[in-house]
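In what follows, a single structure is set out as structure tokens and then discussed.
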Amino acid sequence: MTPEPPTSEPAVTPRATDWRIGVWRDFLRAHATVLRELEREMLAETGLPLPWYDVLLQLAEAPQRRLRMADLADRVLLSRSGLTRLIDRLQAEGLVRREPSPDDARGTYTVLTADGLQRLKGAAPVHLGGIRDHWLAHFSDDELRLLGSWLGRVGPAAS
């Protein structure tokens with residue numbers, strides 16, 4: 001069930017009252033609602049803010065559980081300055097550490113610590129349960145495959 005590619009209609013800037021803008025707003029509202037619920041549950045059940053979880057997850061999935069700050073910034077939804085402040089807090093909690101790059105005297109790696117990995121493992125069931133309850137439960141597998149193919153048109157892979 002692959003969606004048809006978009007037609008090659010001329011690009012026209014829609015008006016604010018255009019029904020398609022309503023679909024865009026629905027998408028944004030759904031995104032914000034799900035993130036709010038995931039954040040609320042994560043904080044209540046683990047004490048871990050959602051952006052912290054995201055950083056720990058990105059590091060856990062990286063080779064040697066470490067990433068250069070620039071690469072980490074590309075993977076999370078934070079500005080570079082916001083990420084630096086977040087890493088400062090994670091380091092103060094003992095969840096990550098910074099290591100100088102052996103190849104570049106100016107480069108620094110952010111490395112997931114054993115405590116950070118344990119904290120991530122404890123929080124993962126809460127996060128995945130929230131995704132199941134607040135997102136996956138609303139769609140069939142076929143609908144999710146279709147939605148994934150549509151969203152793939154606008155993500156980094158589409159560029």
Side-chain angles (χ1 to χ4, degrees), residues 1-6 14-97 110-159:
M1 189 170 5
T2 304
E4 293 293 318
R15 296 173 187 252
T17 57
D18 189 311
W19 68 269
R20 293 171 292 190
I21 299 302
V23 173
W24 167 249
R25 289 179 182 149
D26 289 345
F27 168 75
L28 292 177
R29 248 188 308 293
H31 178 265
T33 299
V34 171
L35 283 183
R36 245 188 330 268
E37 280 303 303
L38 294 175
E39 173 79 16
R40 184 190 62 72
E41 290 172 354
M42 184 69 74
L43 278 172
E45 296 183 40
T46 71
L48 195 67
L50 199 54
W52 289 30
Y53 178 87
D54 188 23
V55 167
L56 297 178
L57 180 62
Q58 297 305 322
L59 291 171
E61 293 177 343
Q64 301 175 336
R65 295 189 176 134
R66 67 187 204 156
L67 287 168
R68 292 180 67 107
M69 284 293 285
D71 295 329
L72 184 56
D74 288 342
R75 294 179 184 209
V76 297
L77 300 174
L78 290 172
S79 67
R80 290 181 195 259
S81 63
L83 178 62
T84 298
R85 289 188 300 273
L86 191 150
I87 295 301
D88 289 343
R89 291 189 298 272
L90 289 170
Q91 187 171 11
E93 293 285 326
L95 304 178
V96 302
R97 70 176 180 276
T110 301
V111 182
L112 183 65
T113 64
D115 286 347
L117 182 59
Q118 284 309 111
R119 194 79 185 270
L120 175 66
K121 286 180 179 180
V126 173
H127 184 62
L128 295 172
I131 292 170
R132 178 198 61 225
D133 296 345
H134 305 298
W135 181 254
L136 299 177
H138 297 278
F139 303 99
S140 71
D141 287 350
D142 286 341
E143 289 170 328
L144 286 168
R145 284 184 192 93
L146 190 57
L147 181 58
S149 68
W150 290 337
L151 294 174
R153 291 182 189 170
V154 294
S159 301

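In what follows, every heavy atom counts, from backbone to side chain, and hydrogens, waters and symmetry copies are set aside.
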_Test side chain to side chain contact (heavy atoms under 4.5 Å, CB included) on L72 and I87; report intermediate values, then the result._
CA-CA 10 Å; L72 184 56; I87 295 301; 3.9 Å; yes
*Just do the salt bridge (charged side-chain N to carboxylate O under 4.0 Å, His left out) check on R29 and D26 with the steps written out, would you?*
CA-CA 5 Å; R29 248 188 308 293; D26 289 345; 3.2 Å; yes
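- No donor-acceptor pair under 3.5 Å is formed between the side chain of E41 and the backbone N or O of L38.
- Of all heavy-atom pairs between Y53 and A123, the closest is CD1-CB, 3.8 Å.
- Contact check for L144 versus W135: side-chain heavy atoms found under the 4.5 Å cut-off.
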*Please lay out, stage by stage, how E39 and R36 fare under the test salt bridge (charged side-chain N to carboxylate O under 4.0 Å, His left out).*
CA-CA 5 Å; E39 173 79 16; R36 245 188 330 268; over 6 Å; no
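- Within a 6.0 Å sphere centred on NE2 of H138, other residues, nucleotides and ligands contribute more than 12 heavy atoms.
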*May I have the step-by-step check of side chain to side chain contact (heavy atoms under 4.5 Å, CB included) for L117 and K121, ending in yes or no?*
CA-CA 6 Å; L117 182 59; K121 286 180 179 180; 3.9 Å; yes
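- Using a 4.0 Å cut-off between a side-chain N of Lys or Arg and a carboxylate O of Asp or Glu, R66 and D71 do not qualify as a salt bridge.
- Checked against salt bridge (Lys or Arg N to Asp or Glu O under 4.0 Å), R68 has the following partners two or more places apart in sequence or in another chain: D104.
- The two residues G47 and P49 have their closest heavy-atom pair at O-CD, 3.6 Å.
- Looking at every heavy atom in both residues, P14 comes nearest to I21 through CG-CD1, 3.6 Å.
- Between L83 and M69, the closest heavy-atom pair is CD2-O, 3.8 Å.
- Side-chain atoms of T46 never come within 3.5 Å of backbone atoms of L43 as a donor-acceptor pair (strictly under, hydrogens ignored).
- M42 and L50 make their closest contact through CE-CD1, 4.3 Å (heavy atoms, listed as atom of the first residue, atom of the second, distance).
- A salt bridge links R145 to D142: at least one charged side-chain nitrogen sits closer than 4.0 Å to a carboxylate oxygen.
- For R80 against A73, the heavy-atom pair with the smallest separation is CG-CB, 3.8 Å.
- The structure places CZ of R75 at 6.0 Å from CD of Q58, a figure rounded to the nearest 0.5 Å.
- Side chain of T113 to main chain of G94: a donor-acceptor pair is present (N/O by atom type, distance under 3.5 Å, no hydrogens or angles).
- Just one of L112, L59, L95 meets the side-chain contact (heavy atoms from CB on, under 4.5 Å) condition when paired with L90; it is L95.
- A heavy-atom distance below 4.5 Å is found between the side chains of R89 and L86.
- D88 and R85 are not joined by a salt bridge, as no carboxylate oxygen comes within less than 4.0 angstrom of a charged side-chain nitrogen.
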